[in-house]
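One structure below.
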Amino acid sequence: MRLRLPIVLPFVLLLAGCQTPSLPNPNDPNDVGPLSADNIRAQLSSMSDSLQMHVFRNEITDDQYHQLMQRAAEKLLKGYSADRLDPTNAWKYGEVLITAHMWPEAKDALQAAVDTAKASHNEDRRVNDTLRLARVLAEMGQVETAIKTARSVFDVRPQDGAPILYAVSNEIVKSAQGKGRDLELAKLLEDAIAIHWRVQVDRSSNVGKAFLFARPLQVRRAWKTVAELYTKANRPDLAERAMAKIRPTSRTSLSSQSWVRV
């Protein structure tokens, strides 16, 4: 999609303002080399906030937003080398590499992040980084491996399962569908829905209350995606079964969580 000139010009200037790192000079002790992962993520976060405002104002499209973010990430990653990757920061670089659509590099960084999380028994990082790795594998066309990778964190405790449904539905499935594995993706999403219903949160906290309020709608949307995947996989019987899951049991409001649970 070609960007319109009146809209592009401010963002070309914005991208030009990003700090562009270079390879370090080994003879200069003051040359610290490429930008740190934290610096890159901070700059991308600031740019995302600015661009999202323009999306909200209908000045740029979602596609244009993602294109501009990709270009910014590529620019900020100039000089990046996996040889100097600190495993404790690998997940941070993995996030930025995904934004830049540098899939092979993202795969290596996130695999290092997963290995580090397992070694340090950091369950939050294990779950999140594994799901990101699965998304990258799907982007690379390795859908069977992506599904297997995602399932490797389906053993989470109820208090650690919150990221799974969003990642499976909005990242892994979107990246993997239409590549010959839609039937398996539908089953993967079904199982992610079941995990989502079991997630335990602090019901007294604002975050917990927000999660509980949003959960029925998130599940409903996921079941619609399951039905679409079964339809594409030529299984109308399973698609109809999935659609039945999103029909309300009464006329009560969504916030009452009156949707069918499975």
Side-chain angles (χ1 to χ4, degrees), residues 90-92 94-95 98 106-107 109-139 142-177 181-230 238 241-242 245-246 249 254-262:
W91 67 272
K92 299 178 182 178
E95 287 183 352
I98 286 175
K107 176 184 174 182
L110 288 167
Q111 185 60 67
V114 171
D115 293 342
T116 300
K118 289 179 179 178
S120 61
H121 305 288
N122 186 329
E123 190 67 357
D124 179 67
R125 287 259 55 90
R126 180 183 80 93
V127 172
N128 282 282
D129 297 339
T130 298
L131 293 169
R132 289 192 179 98
L133 175 59
R135 183 262 175 97
V136 169
L137 291 167
E139 293 282 1
Q142 301 174 27
V143 179
E144 184 176 2
T145 305
I147 293 172
K148 182 179 179 180
T149 299
R151 284 193 176 280
S152 72
V153 296
F154 280 18
D155 61 348
V156 293
R157 302 173 301 173
Q159 57 267 42
D160 296 320
I164 289 177
L165 181 61
Y166 178 87
V168 171
S169 180
N170 293 281
E171 297 179 356
I172 299 169
V173 167
K174 284 187 176 181
S175 300
Q177 62 185 345
R181 298 282 180 175
D182 287 348
L183 191 65
E184 294 95 324
L185 288 171
K187 180 57 178 172
L188 179 76
L189 187 49
E190 281 199 50
D191 293 343
I193 291 170
I195 291 173
H196 201 63
W197 275 127
R198 294 196 297 268
V199 171
Q200 295 177 1
V201 296
D202 181 0
R203 294 173 176 266
S204 65
S205 69
N206 290 334
V207 172
K209 291 175 182 177
F211 175 87
L212 294 173
F213 183 84
R215 177 157 59 183
L217 180 58
Q218 292 169 339
V219 169
R220 182 172 183 264
R221 288 173 174 168
W223 275 118
K224 289 182 68 176
T225 302
V226 170
E228 292 168 1
L229 288 167
Y230 279 134
L238 297 179
R241 189 197 69 178
K245 303 294 185 181
I246 67 174
T249 58
L254 185 64
S255 60
S256 68
Q257 301 192 25
S258 61
W259 300 88
V260 176
R261 295 178 60 165
V262 293

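Separation of atoms CD1 (Ile246) and CZ (Arg221) is listed at 11.5 Å; rounding is to 0.5 Å. Taking CG of Leu189 as the reference point, atom CG of Leu165 lies at 6.5 Å (rounded to 0.5 Å). To the nearest 0.5 Å, atom CD of residue Glu190 and atom CZ of residue Arg241 are 4.5 Å apart. Here the straight-line distance linking atom OG1 of Thr116 with atom CG of Asp129 works out to 9.0 Å at 0.5 Å rounding. In this structure, Asn128 CG and Ile164 CD1 are separated by 9.5 Å, a value rounded to the nearest 0.5 Å. Summarising the geometry, atom OG1 belonging to Thr149 is positioned 7.5 Å from atom CD belonging to Gln111; distances are rounded to the nearest 0.5 Å.
Under the side chain to side chain contact (heavy atoms under 4.5 Å, CB included) rule, Val173 has a single partner from Ile147, Thr225, Asp182, which is Thr225.
Although no hydrogens or angles enter the test, the distance criterion places no donor-acceptor pair under 3.5 Å between the side chain of Arg125 and the main chain of Ser120.
In this structure, the side-chain hydrogen bond (donor to acceptor under 3.5 Å, both in side chains) partners of Arg151, at least two apart in sequence or on a different chain, are Asp191.
A heavy-atom distance below 4.5 Å is not found between the side chains of Glu228 and Gln177. In this structure the side chain of Arg215 reaches within 4.5 angstrom of the side chain of Leu212, judged on heavy atoms. Side-chain contact between Asn122 and Trp91 is absent, with no heavy-atom pair separated by less than 4.5 Å.
The local environment of CG in Asn206 is sparse, with at most 12 non-hydrogen atoms from other residues, nucleotides or ligands closer than 6.0 Å. Counted within 6.0 Å of NZ on Lys174, heavy atoms from surrounding residues, nucleotides or ligands total 12 or fewer; the atom is thus considered open.
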Start with the C-alpha gap between Glu123 and Arg126, add the side-chain angles, then the distance that decides, and say whether salt bridge (charged side-chain N to carboxylate O under 4.0 Å, His left out) holds.
CA-CA 5 Å; Glu123 190 67 357; Arg126 180 183 80 93; 2.7 Å; yes

Using the side-chain contact (heavy atoms from CB on, under 4.5 Å) rule, take Tyr166 and His196 through it: C-alpha gap first, then chi angles, then the decisive distance, then the call.
CA-CA 9 Å; Tyr166 178 87; His196 201 63; over 6 Å; no

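Ionic pairing of Lys118 and Asp115 is not present here: no N-O contact between side-chain nitrogen and carboxylate oxygen is shorter than 4.0 angstrom. Remark: Glu139 engages Arg135 in a salt bridge, criterion side-chain N to carboxylate O under 4.0 Å.
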